[in-house]
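In what follows, every chain begins at residue 1, and chains take the letters A, B, ... in the order their sequences are listed.
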There are 2 protein chains.
Amino acid sequence: MTVTIKDVAKKAGVSPSTVSRVLSGHPRISLETSRKVKVIMEEMGYTPNMMAKSLVSKTTNSICIILPKPAEELFSNLFFMELIRGIVTQSSRSGYDVLISSGANEKEELEAVSRLLKGRRVDGVILLYSRKDDAVIDFLQSGGYPFVLVGRSDRYEDILSVDNDNIMAAYDATNHLISMGHERIGFVSGPPNLIVSRDRLEGYRKAMQGKGLEMKDEWIVEGEFLQDSGYRAMSFFMNLPNRPTALVAVDDMVSFGVLRGLNELKYKVPEDLAIVSFNNIPLSELSSPPISSIDIGIYHLGYTASQVLIQNIQKPDNQDGYTNRFVIPHRLIVRESSMHTPGN
Amino acid sequence: MTVTIKDVAKKAGVSPSTVSRVLSGHPRISLETSRKVKVIMEEMGYTPNMMAKSLVSKTTNSICIILPKPAEELFSNLFFMELIRGIVTQSSRSGYDVLISSGANEKEELEAVSRLLKGRRVDGVILLYSRKDDAVIDFLQSGGYPFVLVGRSDRYEDILSVDNDNIMAAYDATNHLISMGHERIGFVSGPPNLIVSRDRLEGYRKAMQGKGLEMKDEWIVEGEFLQDSGYRAMSFFMNLPNRPTALVAVDDMVSFGVLRGLNELKYKVPEDLAIVSFNNIPLSELSSPPISSIDIGIYHLGYTASQVLIQNIQKPDNQDGYTNRFVIPHRLIVRESSMHTPGN
DNA sequence: CTGTGTAAAGCAAACGGTTCCATTAGGAGG
DNA sequence: CCTCCTAATGGAACCGTTTGCTTTACACAG
């Protein structure tokens with residue numbers, strides 16, 4: 001049988017309440033008693049039952065991560081791995097466990113979140129995406145549950161969130177290509193309902209406009225954060241009469257798809273097409289050629305999200321003048337894929 | 001306030017036990033009562049408190065996976081990503097939540113596992129590695145806790161485990177090179193305390209001996225599951241007087257390191273050195289040249305592990321004649337890196 | 001009309017903790 | 001010597017469910 005607080009109490013000749021107080025370091029316990037009880041706990045191999053503790057304290061010391069919809073697909077991106085790594089590392093430092101959950105669609109996600117939060121299985125939630133008009137966010141917000149968004153919301157201003165300045169990041173990426181001498185620059189975007197797609201597209205537009213460069217509609221292609229999207233975008237671009245000499249892709253995975261396609265068609269990177277993309281996942285420097293990428297500090301993003309959430313769980317009253325939006329700095333890593341000046 | 005089973009009971013004019021029984025589909029509840037109660041639960045937005053439920057049922061409907069801390073360093077992240085993806089997918093299908101935990105070292109891992117299991121926070125554990133003489137395994141085994149090993153144990157025969165036939169896989173990889181005409185074949189291994197390293201090395205040996213080929217000690221190099229190890233192994237091999245014409249690497253990441261090194265020295269793959277490695281991570285086909293690799297079905301490995309564990313949790317008495325070791329098939333994917341017959 | 005079987009629902013005791021309130025025993029102050 | 005205070009501990013209720021054991025209420029056979 002598992003040993004409970006009562007067993008320890010009996011053997012130590014004290015009451016259960018005393019044992020409980022020893023456990024929580026209550027001030028009014030004599031040093032002597034405390035030591036005696038601790039020895040006995042050790043002897044008997046006592047481990048507190050978290051469920052019982054949670055039941056009364058209404059606290060679980062765990063948080064949960066909601067993976068975006070097509071968890072099975074999007075999950076194949078190293079982006080999430082890094083994020084999770086950051087979250088798990090920081091959480092365990094704060095003594096919190098991390099639960100991973102996902103749903104096949106927005107409705108399932110909502111059910112899962114509701115079950116976990118209302119069922120008191122977790123204390124808070126980290127959302128790994130930011131969609132437009134998200135029902136999950138509405139639920140969390142109106143229920144007053146602690147949560148943090150990796151990304152930003154289009155509706156609520158006062159939400160706790162950790163994000164990059166994606167507009168600026170895209171601006172930087174595009175300007176890098178422009179400064180290398182490119183004038184015809186394409187853009188491969190992500191799903192339009194994701195805020196990050198829109199932000200990056202906006203940054204691209206700003207940069208192009210800023211330098212007075214032409215922006216054709218056909219140079220902007222929508223896709224997913226997947227290789228295939230890159231592959232398709234590539235074949236579309238390369239068949240254009242006056243095709244771009246460079247492109248900005250919304251995610252490194254997309255670049256890999258582009259690379260694969262160009263390779264098949266015997267085009268050279270960066271000579272025939274220069275590429276810059278986002279996220280700087282660990283594989284970016286391993287491809288051939290290595291891909292120039294905006295490092296957005298994924299691990300840091302996750303680490304901070306966890307920190308901010310747990311802090312909010314522990315004292316929810318910290319909106320006194322402090323900001324709710326945390327911006328993680330980005331930085332352009334230039335690699336071979338963009339190191340070429342077009343012959344024009 | 002949150003609504004409890006008692007609130008529902010009061011409003012429905014029945015006892016709490018009745019509500020509980022409605023919830024669990026007890027047979028001796030009249031259809032009428034059942035319907036009435038369900039309507040009221042819906043109205044009041046009732047969600048069961050998992051903690052209370054777990055406390056009495058001694059069951060949590062969640063499992064946990066232990067990431068080896070060295071995982072972050074030793075393994076290619078994509079491997080774990082895939083594994084986790086498989087686990088989370090299958091677990092959520094079975095209605096289980098997944099908790100992620102890790103420790104900085106074996107002692108910390110043990111503490112975490114003990115806290116989670118003895119503290120009744122999870123019902124079972126998936127270990128994502130198999131080391132020699134593992135204390136965590138000893139703990140789980142002697143405590144009679146449900147767990148499954150991805151990999152295999154060197155000590156216990158009757159442990160639940162999901163693995164590849166790594167010996168055979170390495171045998172196949174090596175034989176592929178032999179059949180291409182290679183006779184001097186090197187091997188880059190992983191840390192010797194990991195069972196997978198040993199198994200693959202053994203398979204390599206078997207294949208070489210099987211064909212009566214010479215095996216020099218200097219053709220076998222130990223490393224980690226990292227690029228750097230490949231880089232180092234490469235420069236060692238290429239400086240050998242009678243150097244190998246091909247090599248088998250224990251992980252794709254190692255191959256990338258080899259590739260990078262060879263590229264720097266202007267050697268050609270596969271002409272100067274043919275390569276085959278393991279795991280077939282998504283990037284394997286993106287490198288130049290694409291790498292021949294043994295696909296070990298990582299996702300499937302994770303999916304099966306979760307399945308087997310949950311089954312064992314739900315009815316622990318299934319060792320009646322059935323095997324405890326599940327072997328996921330592997331398959332050699334031949335790509336450019338090994339498509340060349342040595343001129344000799 | 002009484003005894004018996006059965007379906008439906010209620011009672012109350014757990015599960016393993018925490019915490020408010022009460023109790024006890026000295027020691028200080030008057 | 002008697003209060004009164006305080007430090008240290010004990011007692012018991014409670015957190016939200018589940019479940020074994022009763023109880024209730026009929027229907028039906030004898």
Side-chain angles (χ1 to χ4, degrees), chain A residues 1-38 40-41 44-62 95 114-123, chain B residues 1-41 44-62 114-123:
Chain A
M1 277 318 291
T2 53
V3 24
T4 77
I5 223 173
K6 286 175 193 169
D7 301 327
V8 175
K10 190 170 296 175
K11 186 150 180 182
V14 298
S15 76
S17 12
T18 300
V19 177
S20 172
R21 286 193 257 257
V22 168
L23 229 34
S24 61
H26 190 105
R28 285 240 230 291
I29 292 287
S30 72
L31 211 62
E32 189 193 5
T33 309
S34 170
R35 266 205 284 263
K36 183 177 60 183
V37 170
K38 276 178 183 160
I40 298 203
M41 289 196 313
M44 304 182 72
Y46 170 74
T47 308
N49 182 316
M50 304 309 279
M51 296 300 129
K53 190 176 212 158
S54 293
L55 179 57
V56 38
S57 71
K58 292 177 183 322
T59 251
T60 63
N61 265 63
S62 45
S114 163
R115 181 177 56 85
L116 292 169
L117 240 21
K118 294 181 68 181
R120 291 237 134 82
R121 201 199 202 60
V122 301
D123 298 338
Chain B
M1 277 323 290
T2 53
V3 24
T4 77
I5 224 174
K6 286 176 191 168
D7 301 327
V8 174
K10 189 170 295 174
K11 186 149 181 185
V14 298
S15 76
S17 13
T18 300
V19 177
S20 171
R21 285 194 255 258
V22 167
L23 229 35
S24 61
H26 190 104
R28 287 242 225 291
I29 292 288
S30 72
L31 210 61
E32 189 193 5
T33 308
S34 171
R35 266 203 285 261
K36 182 177 60 181
V37 170
K38 276 178 183 161
V39 167
I40 298 203
M41 290 195 314
M44 305 181 71
Y46 170 74
T47 308
N49 182 315
M50 304 308 279
M51 295 301 128
K53 190 178 212 158
S54 293
L55 179 56
V56 37
S57 71
K58 292 179 184 324
T59 252
T60 63
N61 263 65
S62 46
S114 163
R115 181 177 55 84
L116 292 169
L117 242 19
K118 294 183 70 181
R120 292 239 133 81
R121 201 196 202 61
V122 301
D123 297 339

Problem - Global bending angle along the helix from dC1(C)-dG30(D) to dG30(C)-dC1(D), which compares the axes of five pairs at either end, to 10 degrees - result: 70°
Practice task
For S20(A) and S17(A), test the side chains for any donor-to-acceptor distance below 3.5 angstrom and give the result as yes or no.
Solution key: no
Problem - Closest-nucleotide 5' rank along DNA chain C - winner of K6(A) and S24(A) - result: K6(A)
Practice task
Could you tell me the separation between the CD atom of E32(B) and the C1' atom of dA7(C), rounded to a whole number of Å?
Solution key: 14 Å
Exercise for the section: Round to a whole Å and report the spacing from CG of L23(A) to P of dG16(C). Expected result: 15 Å
Practice task
Would you check if I5(A) and Y46(A) make a side-chain contact, meaning some heavy-atom pair closer than 4.5 Å?
Solution key: yes
Problem - Flag, side chain of S57(B) to backbone of K53(B), donor-acceptor distance under 3.5 Å - result: yes
Handout entry: N/O (side chain, T4(A)) to phosphate O (OP1/OP2, dG16(C)) under 4.0 Å
Key = no
Practice task
Please answer whether the main-chain N or O of T59(B) pairs with a side-chain N or O of S54(B) as donor and acceptor at a distance below 3.5 Å.
Solution key: yes
Problem - Given dG16(C), dG10(C), dG17(C), the nucleotide with the shortest approach to the side chain of L55(B) - result: dG16(C)
Handout entry: Test item: N61(A) side-chain N/O and G95(A) main-chain N/O as donor-acceptor pair under 3.5 Å
Key = yes
Practice task
Provide the closest heavy-atom pair for V22(B) versus K38(B) in the form atom of the first, atom of the second, distance.
Solution key: CG1-CG, 4.0 Å
Exercise for the section: Give me the first and last nucleotide of DNA chain D, going 5' to 3', that has any atom under 4.0 Å from a heavy atom of chain B. Expected result: dG16(D) to dG20(D)
Exercise for the section: Tell me what G119(B) touches on the nucleic acid: a base, only sugar-phosphate, or nothing, going by heavy atoms under 4.0 Å. Expected result: nothing
Exercise for the section: Check every strand shown and say whether T47(A) touches a base, only sugar-phosphate, or nothing at a heavy-atom separation below 4.0 Å. Expected result: sugar-phosphate
Exercise for the section: Report which part of the nucleic acid T33(A) touches: base, sugar-phosphate, or nothing (heavy-atom distance under 4.0 Å, all strands). Expected result: sugar-phosphate
Handout entry: Nearest-Å distance for atom pair CZ/P, residues R28(B) and dA9(C)
Key = 12 Å
Practice task
For V14(B), report the nucleic acid contact type (base, sugar-phosphate, nothing); a contact means any heavy atom under 4.0 Å.
Solution key: sugar-phosphate
Handout entry: Nearest heavy atoms of L55(A) and A52(B), plus distance in Å
Key = CD1-CB, 3.7 Å
Fill in the blank from the handout: Between P16(A) and A9(A) the two heavy atoms that sit nearest each other are N-CB, 3.6 Å
Exercise for the section: Would you classify R21(B) as touching base, sugar-phosphate or nothing, given that sugar-phosphate means primed atoms plus P, OP1 and OP2, and contacts are heavy atoms under 4.0 Å? Expected result: base
Practice task
Answer yes or no: is there a donor N or O on one side and an acceptor on the other, between the side chain of K118(B) and the main chain of G45(A), under 3.5 Å?
Solution key: yes
Practice task
Find which nucleotide of DNA chain C each of S20(A) and S17(B) is nearest to by heavy atoms, and output the residue with the more 5' nucleotide.
Solution key: S17(B)
